[in-house]
Structures are given as structure tokens and as C-alpha cells.
Amino acid sequence: MNVTVTQGDLLDQSVDVIVNAWNRNIIPWWLLLPQGVSGAIKKRGGTAPFKEVRKHGVIPLGGAVLTSAGRLPFKAIVHVAGINMFWMASKRSIRDSVRNAMEVAEQNTFQSIAFPLIGAGSGSFNQQKAKDIMLDEFKTLESKIHVTVVEFRK
């Protein structure tokens, strides 16, 4: 599996699809003040992806759903439920989010995907540990999709 780690802005990556570390989709998106990746998507890409993700209903912890990319230049966005009801990420939620996002990407024949550090923002998980868990999970998967893990840097 081809995995690259880079520093920068997830929304500036040249990939087919990006991953948005989302919640379990229980609280309506319009009641939330999107932060991090979600806030950047809303600001630059509009609200369409969040209106679409709402239609999927409750997402199991670690689950993944696909929406359009709104006004962003990607083919789609994979939203993963990386945090629980208490806005906390866990080793399991990070691993499951990686695995399920890759499964969605495979099913939709994307060639490249970019991930943020799942759980390291609103999920309060240590950034280095989140990255290590993600990289370890990628080692267990077989895929021809090029993966970029983006550590946020302005």
C-alpha cells in the first residue's frame, strides 16, 4: 500500500477524495459549529456535503459515508464517525474509520485519497498517537489507492 505523510492543508491536496473526520451524525449539522476539517469544508465547499450526510442518519462509530464535495475540487468526501457521543476518539474508532473509509474508496474506484489525523482535533486524541494508529492500520490493508495522510499546518 502506498502511503505518504505530508504537512499542509487537507483541502489543498491533489486527490480524488478527502476524508472528513465527522461525528456519529446524531446532532443535526446545522446545530454544530463545524471546526477543523469540517469548518474548512463548510467555508470553502459550502453546506451541500453536510446536507447530504444528514440523509445517512446515525453513523456507527468508525463508520464511513460518501457525499459530494460541494464546491470543492474533489470527486467526493468520505465522512467518518471518528468521535463518540462525548466528542472523544479512541484507538478503535480511529482504526475503524481508516478501514471503512478505505472500503468506501475501493467500492467507488477512487485512485487517491487524503486523510486528516482522525480524532486529533475535536476528538482530543494525541496527534502523534493518532498518526501512528492510522499508519499501523494502513499496513493491514491491501489497496492500490494512493493514500496521503495530512498533518495540518497553516
Test V37 against V19 for side chain to side chain contact (heavy atoms under 4.5 Å, CB included), laying out the working first.
CA-CA 9 Å; V37 174; V19 174; over 6 Å; no
Could you give me the CA-CA distance, side-chain angles and deciding distance for D96 and R99, then say whether salt bridge (charged side-chain N to carboxylate O under 4.0 Å, His left out) is met?
CA-CA 5 Å; D96 289 350; R99 188 177 325 100; 2.9 Å; yes
Yes or no on side chain to side chain contact (heavy atoms under 4.5 Å, CB included) for I94 and E137, after CA distance, side-chain angles and deciding distance?
CA-CA 9 Å; I94 294 168; E137 188 62 25; over 6 Å; no
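A donor-acceptor pair under 3.5 Å links the side-chain atoms of N100 to the main chain of G62, judged by distance alone.
Atom CG in D16 sits 9.5 Å away from atom CD1 in I113 (nearest 0.5 Å). Interatomic distance, R24 CZ to I59 CD1, rounded to the nearest 0.5 Å: 9.0 Å. Annotation: the span from F138 atom CZ to M102 atom CE amounts to 6.0 Å, rounded to 0.5 Å. Taken from CZ in R92 to OG in S97, the straight-line distance is 10.0 Å, to the nearest 0.5 Å. The CD atom of Q128 lies 10.5 Å from the CD1 atom of I133; values are rounded to the nearest 0.5 Å. Distance check, rounded to the nearest 0.5 Å: CG of N2 to NE2 of H146 gives 5.0 Å.
Aromatic ring pairs are classed by plane angle as parallel below 30°, tilted from 30° to 60° and perpendicular above 60°; the pair F50 and W22 is tilted.
Considering only heavy atoms from C-beta on, I18 comes within 4.5 Å of I41 through its side chain. The shortest side-chain heavy-atom distance between S112 and V17 does not fall under the 4.5 Å cut-off. Put simply, the side chain of M88 does not reach to within 4.5 Å of the side chain of I83, judged on heavy atoms. Residues V65 and V78 are not in side-chain contact: their nearest non-hydrogen atoms beyond the backbone lie 4.5 Å or more apart. Within the 4.5 Å cutoff, no side-chain heavy atoms of V3 are placed close to those of K139.
A salt bridge links D12 with R44: the closest approach of a Lys/Arg side-chain nitrogen to an acidic carboxylate oxygen falls below 4.0 angstrom.
S93 and G82 get closest at one heavy-atom pair: OG-O, 3.0 Å.
Each of L10, I77, V80, I118 was scored for a side chain to side chain contact (heavy atoms under 4.5 Å, CB included) with N20, with one residue passing: I77.
Within 6.0 Å of atom CD in Q107, more than 12 heavy atoms from other residues, nucleotides or ligands are found, so the atom counts as buried in its surroundings.
Ring centroids of F74 and F110 are separated by 6.0 Å or more, keeping the two rings apart.
Checking E151 against T6 by side-chain atom types alone, no donor-acceptor pair falls below 3.5 Å.
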